[in-house]
Trainee: 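Handing you a structure now.
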Amino acid sequence: MSKQPRQPQEMATDSASVEAITKACTDKVDIVFSRSDSQGAQCKFGTSGVCCRICHMGPCRITVKNPRGVCGADADTIVARNYLREVVGGAAAHSDHGRHLVLLLKRAAEGTVPGYEIRDEKALKRIARQYNIEISGRDTADIASELADVLFNELTEQENTLKTLKLAPLKEQGTWKSEHVEPLGVDRMIVESMHRTHMGVDHDYRSLLLQAFRTSLADGWGGSRIASMVSDILFGTPSPVRGDANLGVLNKDTVNIVVHGHEPELSEMLAVAVAAPDMVEYAQQAGAQGITLAGICCTANEILMRHGIPVAGNFLQQELAVVTGAVEMMIIDVQCCMPSLPDVARAYHTEIIATSEIARTVGAVSCEFSSDNALESARNLIKRAVDNYKNRDAGKVYVPPVKQPLVAGFSVDAIKYMLGGTYRGSFRPLNDAIIQDRIKGVVGIVGCNNPKTRLDSYINAVTRELVKKNVLVLKTGCAAIASAKEGMLTPEAALEIAGPGLREVCETVGIPPVLHMGSCVDNSRILEAATEVVLEGGLGDSIAGIPAVGMAPEWMSEKAVSIGCYFVASGVNVILGHPFHVSGSENVHKFLHADTQQLFGASFHECFDPLEAAEKALMLLDEKRAGLGIDKKAERKLYDMKDRRELVV
Ligand code: SF4
Ligand code: MSK
């Protein structure tokens, strides 16, 4: 049974998306929102997690009448197994992304990939030191090569725990050891989890769920952290940069190229190549005013943070960018690229180019990208896009004139610098502001869009509410783009609604109250920031103790499940805007939403309304503040000489 189709205004919040959805209807193009509506009510066995198709005695579905599958597995086992496999999918995606970057680092160090180099030597040395790599008297390539070997080993290590875990506070490291969730090499964890979920292996839901947290730690403190670190070394550590966001960044008078996906390897080269005078001239000869390069999803975040390249939109806007009729080429690589793109593109002149050897899409042109001749590949793609300009049908072009300015690029290094200055970069002002209750705490709002929710509505409502209540908000992924489109990433706009304490701090140090920290793998930067807060002192000795909350309002991907798990395992409570597929097992639900408090000091929480979520986040922050004894306003006491003598120092 189909759901009642929604009107465009019920599908999206921003006017650019509403206009583009309306255009898609006029152009008779099937897009994600219409497909979601026509899917109808979703299968209850799937949404509750009790459908098992792990072996061919099944598929089996658990019901009150049939509480066990053919092999005897009950709902607890089946739900936990399915959940662990979701974490595996997410951890694998992030970590394979990290692997490609480490391979590139190794080849850059060897000098075999022209165009790629170590752009951030300072980051290389800082990170090498963290792994006890000798740096004095050695040249950059030598250090980079050894670091690449160490990081390869983090992926493949068979017997020892990840070295990268050492970047976490000691208390968290101790927790992971005592709860037996310290991960070994990332690949080993992923393979072991697949083995444990094979028919007839691990049947204890607790054991399966602990393995889910262990695998997720291999992602957050392993694969993802490695991806962020190596990106910084190769492409530069992000620092605040201005940009624009929403479909209006596409220019009807230029050739438009949109990059979409996750890996920055090619998009970095495109960012360089697109500015070359001969490329611009080539476009002008074709009758265009120039070339516009823009991004979608996390590729957008990567090149925004390092080059200020504009963002055309987040996850649910990928098809809408094509629907403008003004895109000559969309270049896709891995993760979050919808297989529908070539179908949508057929209604216009857009070429969909798939560049990853592991990600083919029927109907897309496969142009495998090789880092051996990256700049040349990038230039060839740009020329191809320009050549396609003549095929544009002016009658089908409509670019909604909507975009918002933004500031992005808040790596931990950049935040430290903004807070403490060049010579004494530190988190001290932030810690002090939290202790003095000018800032209530920090909330990381991350993750995707999901057509079940009106695009960006939950993300933006909860962000506004938290900023009003003096909460500093850290953002990544498509949630960051949602704020960008709403104008909440400009210091001016957001400060207007910020609570007085937060506003005072932000104005003093010159940061906006909503900080764009990067792409999906950059959620590891949020953990890095939390670690800095702990190391700075005055707020306890563990991430689990600090007033910090994670939130995934409109999430959809397996990566979000893994991210949620490594946040919880790192001591950060996580609020979900819609539930996991685990309601078919009370035990699994309870383990994830309550029992982990005993293990990690944090758990998952479900809030389906954004204002309720904001309230819950404030309550969780207050609980942590009470745990630290900073919940009461310190009374100011004037000491006389007698008091001073009695002070024990
Ligand atoms: Fe059914 Fe067990 Fe096979 Fe799953 S593993 S499909 S529950 S028989
Ligand atoms: S792109 S995983 S939709 S955040 Fe990283 Fe956006 Fe989610 Fe993909």
Side-chain angles (χ1 to χ4, degrees), residues 32 45 49-63 66-82 85-86 89-94 97 196-203 208 219 224 227-228 259-264 267 295-305 311-319 332-338 444-451 453 455-456 459 475-485 516-524 526 551-564 577 584-585:
V32 62
F45 295 104
V50 293
C51 171
C52 183
R53 46 182 295 278
I54 274 171
C55 89
H56 284 243
M57 292 190 285
C60 302
R61 305 183 307 185
I62 299 302
T63 61
N66 279 309
R68 288 184 184 270
V70 175
C71 67
D74 62 9
D76 292 345
T77 304
I78 291 172
V79 172
R81 240 175 1 199
N82 288 339
R85 284 202 167 190
E86 286 186 46
H94 281 151
H97 172 166
R196 284 165 78 151
T197 51
H198 185 274
M199 188 269 153
V201 185
D202 196 350
H203 300 127
L208 288 159
D219 172 358
S224 282
S228 296
V259 278
H260 172 26
H262 281 78
E263 294 188 345
S267 50
I296 293 270
C297 276
C298 282
T299 300
N301 288 322
E302 297 277 0
I303 51 173
L304 165 69
M305 297 243 294
V311 178
N314 47 4
F315 177 62
L316 290 184
Q317 289 179 294
Q318 56 186 283
E319 296 169 318
I332 57 175
D333 55 36
V334 292
Q335 302 164 29
C336 306
C337 303
M338 291 187 193
I445 302 182
V446 311
C448 330
N449 313 121
N450 188 321
T453 306
L455 173 60
D456 301 335
I459 296 170
K475 292 233 163 174
T476 61
C478 291
I481 299 175
S483 282
K485 288 189 285 168
H516 183 310
M517 293 189 78
S519 63
C520 292
V521 290
D522 291 331
N523 283 306
S524 63
I526 297 183
M551 206 179 267
E554 300 176 23
W555 67 279
M556 64 85 199
S557 100
E558 288 173 326
K559 291 184 291 172
V561 183
S562 179
I563 293 164
S585 162

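One-based numbering, in listed order, for ligands and for the atoms of each.
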Trainee: Is it the side chain, the backbone, both or neither of Arg61 that has a heavy atom closer than 4.0 Å to ligand 1?
Mentor: neither

Trainee: Taking Leu304's backbone N and O only, do any of them form a donor-acceptor pair with Asn301's side chain (distance below 3.5 Å, no angle check)?
Mentor: no

Trainee: Under 4.0 Å from a heavy atom of Gly58: give me the atoms of ligand 1 that qualify, with their elements.
Mentor: 6 (S)

Trainee: Which one of Glu302, Lys559, Gln335, His260 has a non-hydrogen atom at the shortest distance from atom 2 (S) of ligand 2?
Mentor: Lys559

Trainee: Given side chains that start at C-beta, do those of Val446 and Trp555 come closer than 4.5 Å, heavy atoms only?
Mentor: no

Trainee: Any N/O/S atom, side chain or main chain, of Cys71 closer to atom 2 (Fe) of ligand 1 than 2.8 Å?
Mentor: yes

Trainee: Could you list the atoms of ligand 2 found under 4.0 angstrom from a heavy atom of Gly447?
Mentor: 4 (S)

Trainee: What are the atoms of ligand 1, with element, lying closer than 4.0 Å to any heavy atom of Met199?
Mentor: 5 (S)

Trainee: Please confirm whether the backbone N or O of Ala75 pairs with a side-chain atom of Ser585, one donor and one acceptor, at under 3.5 Å?
Mentor: no

Trainee: What atoms in ligand 2 come closer than 4.0 Å to a heavy atom of Cys297?
Mentor: 1 (S)

Trainee: Taking Met338's backbone N and O only, do any of them form a donor-acceptor pair with Gln318's side chain (distance below 3.5 Å, no angle check)?
Mentor: yes

Trainee: Is there a side chain to side chain contact (heavy atoms under 4.5 Å, CB included) between Ile459 and Asn449 once you walk through the steps?
Mentor: CA-CA 9 Å; Ile459 296 170; Asn449 313 121; 4.0 Å; yes

Trainee: Taking 4.0 angstrom as the limit and counting only heavy atoms of Ser557, give me the atoms of ligand 2 inside it, by number and element.
Mentor: 2 (S)

Trainee: Atom 5 (S) of ligand 1: which of Arg53, Arg68, Arg81 has the nearest heavy atom?
Mentor: Arg81

Trainee: I'd like the name of whichever of Met556, Gln318, Glu554, His262 reaches closest to atom 1 (S) of ligand 2 through any heavy atom.
Mentor: His262

Trainee: Does the side chain of His203 reach to within under 4.5 Å of the side chain of Arg81, using non-hydrogen atoms?
Mentor: yes

Trainee: Counting each atom of ligand 2 from 1 as listed, which ones have a heavy atom of Cys298 under 4.0 Å away?
Mentor: 1 (S), 5 (Fe)

Trainee: Could you check atom 3 (Fe) of ligand 1 against the protein and tell me its nearest heavy-atom contact, residue, atom and distance included?
Mentor: Cys55 SG, 2.4 Å

Trainee: Using only heavy-atom distances, determine whether the side chains of Ser228 and Ser524 contain a donor-acceptor pair under 3.5 Å.
Mentor: yes

Trainee: Which protein heavy atom lies closest to atom 5 (Fe) of ligand 2, and at what distance to 0.1 Å?
Mentor: Cys520 SG, 2.2 Å

Trainee: Backbone, side chain, both or neither: what part of Cys336 comes under 4.0 angstrom of ligand 2, heavy atoms only?
Mentor: side chain

Trainee: For atom 7 (Fe) of ligand 2, what is the nearest protein heavy atom, given as residue, atom name and distance?
Mentor: Cys448 SG, 2.4 Å

Trainee: Distance check, rounded to the nearest 0.5 Å: Cys478 atom SG versus Asn450 atom CG?
Mentor: 11.5 Å

Trainee: Is it true that the side chains of Lys559 and His262 contain a donor and an acceptor less than 3.5 Å apart?
Mentor: yes

Trainee: Should Val79 and Val50 count as side-chain neighbours, where that means a heavy-atom distance under 4.5 Å?
Mentor: yes

Trainee: Can you tell me if Cys478 has an N, O or S atom under 2.8 Å away from atom 6 (Fe) of ligand 2?
Mentor: yes

Trainee: Give the atom numbers and elements of ligand 1 that come within less than 4.0 Å of a heavy atom of Cys52.
Mentor: 4 (Fe), 5 (S), 6 (S), 7 (S)

Trainee: What atoms in ligand 1 come closer than 4.0 Å to a heavy atom of Cys60?
Mentor: 1 (Fe), 6 (S), 7 (S), 8 (S)

Trainee: Output the list of atoms in ligand 2 that are nearer than 4.0 Å to some heavy atom of Phe315, sorted by atom number.
Mentor: 3 (S)

Trainee: Taking the side chain from Gln317 and the backbone from Ile296, do they hold a donor-acceptor pair closer than 3.5 Å?
Mentor: no

Trainee: Quiz question: by atom type and distance under 3.5 Å, do the side chains of Thr476 and Asn523 form a donor-acceptor pair?
Mentor: yes

